[in-house]
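One structure below.
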Amino acid sequence: TGQLAQPPVTFPVLEITLFGPRSVRVGVRPLPRLRSSKGLWLLALLALRLNRDVERDWVAGTLWPDADEADARRSLRQSLHDLRLALGPAADRLACDAPRSLRLEAGEVAAGGLGTGGFVDVSVFDASVSRGDEASLVSAVSVYRGPLLEDCAEEWALEGRRRREEEYVGALE
């Protein structure tokens, strides 16, 4: 009809922001509310170890340190089920190749942090800091919006938060 078709706007399938106010988006929509915050912490733990296998027993012990082993594993299975439902079309990013491990896959991350499967700000930050050149450090500073998992008071989050705050200050300098 005389109008040029606009190319479709593409979004990462899964976008996870762990610096500053936490945000998880599936496509253009925010992640639906989960039954418990443990589901979000599960996603955060896997995002911090993006594309790497993580032992289920370690995750269960980390998220439910006061529970006995069987209860912790049961809670992990329930949180994993809830998280998969909430992720909808991005649920395939939660990989379980081996029965005792989990992995969050983001696909190949291109310049700017966009990948075939998503965006994780911490992954972009870590890669940029490790490159260490001026342009990479500017990129690292741009994705840092505040403390890592600022609303998480769990012990497992504190060391990662401290380390990344130091790296952020170093990048600013």
Side-chain angles (χ1 to χ4, degrees), residues 12-27 29-107 109 113 115-130 140 143-168:
V13 173
L14 182 60
E15 181 180 322
I16 302 171
T17 302
L18 299 177
F19 285 121
R22 182 193 57 229
S23 169
V24 180
R25 299 183 72 75
V26 179
R29 294 197 170 107
L31 185 74
R33 185 171 173 81
L34 298 173
R35 181 186 327 220
S36 129
S37 63
K38 297 290 186 173
L40 291 172
W41 301 145
L42 169 60
L43 184 61
L45 276 175
L46 295 174
L48 289 169
R49 290 154 185 81
L50 193 63
N51 295 322
R52 295 183 303 205
D53 286 343
V54 181
E55 290 295 317
R56 285 177 183 250
D57 288 342
W58 177 82
V59 173
T62 299
L63 293 177
W64 294 275
D66 299 329
D68 67 45
E69 199 172 309
D71 286 342
R73 276 193 240 134
R74 187 173 23 266
S75 294
L76 174 60
R77 281 191 303 274
Q78 183 63 56
S79 288
L80 190 56
H81 174 75
D82 292 346
L83 184 56
R84 280 193 173 112
L85 289 176
L87 287 171
D92 63 340
R93 297 297 168 191
L94 289 173
C96 305
D97 296 337
R100 296 180 185 248
S101 66
L102 297 169
R103 180 177 63 252
L104 178 64
E105 295 179 340
V109 177
T116 57
F119 169 85
V120 179
D121 63 347
V122 175
S123 180
V124 172
F125 178 87
D126 290 346
S128 297
V129 165
S130 71
V143 298
Y144 188 95
R145 300 180 323 140
L148 177 69
L149 296 166
E150 71 180 9
D151 59 343
C152 180
E154 302 291 325
E155 188 175 320
W156 58 265
L158 301 179
E159 175 58 27
R161 181 180 302 146
R162 183 199 56 75
R163 180 173 63 85
R164 287 178 179 89
E165 284 174 354
E166 290 174 359
E167 290 172 340
Y168 173 70

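All values reported here derive from a predicted model rather than from experimental measurement.
When all heavy atoms of W64 and S75 are compared, the closest pair comes out as CE2-CB, 3.4 Å. When every heavy atom of K38 is checked against every heavy atom of S79, the shortest pair comes out as CB-OG, 4.0 Å. The minimum heavy-atom distance between P89 and V26, with the atom names listed, is CG-CG1, 3.9 Å. The two residues R164 and D126 have their closest heavy-atom pair at NH2-OD2, 2.9 Å. Across all non-hydrogen atoms, the minimal contact from C96 to R84 is SG-NH2, 2.9 Å. Between C152 and A157, the closest heavy-atom pair is SG-CB, 3.8 Å.
Atom CD1 of I16 and atom CZ of R93 lie 11.0 Å apart (nearest 0.5 Å). The distance from the CG atom of L31 to the CZ atom of R22 is 9.5 Å, given to the nearest 0.5 Å. Distance check: R52 CZ to L46 CG gives 10.5 Å after rounding to the nearest 0.5 Å.
The aromatic rings of F125 and F19 stand perpendicular to each other, their planes meeting at an angle above 60°, with 30° marking the opposite boundary.
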Between E165 and R161, does the salt bridge (Lys or Arg N to Asp or Glu O under 4.0 Å) criterion hold? Intermediate values first, please. CA-CA 6 Å; E165 284 174 354; R161 181 180 302 146; 5.2 Å; no
Could you walk me through whether L48 and V120 pass the side chain to side chain contact (heavy atoms under 4.5 Å, CB included) test, one step at a time? CA-CA 9 Å; L48 289 169; V120 179; over 6 Å; no
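R163 has a carboxylate O that lies under 4.0 Å from a charged side-chain N of E167, or vice versa, which qualifies the two as a salt bridge. With respect to the salt-bridge test (charged N to carboxylate O, under 4.0 angstrom), the residues R162 and E166 qualify.
Applying the side-chain hydrogen bond (donor to acceptor under 3.5 Å, both in side chains) criterion to E155, with sequence neighbours excluded, gives no partner residue.
Between the side chain of R56 and the backbone N or O of P99, at least one donor-acceptor pair lies under 3.5 Å.
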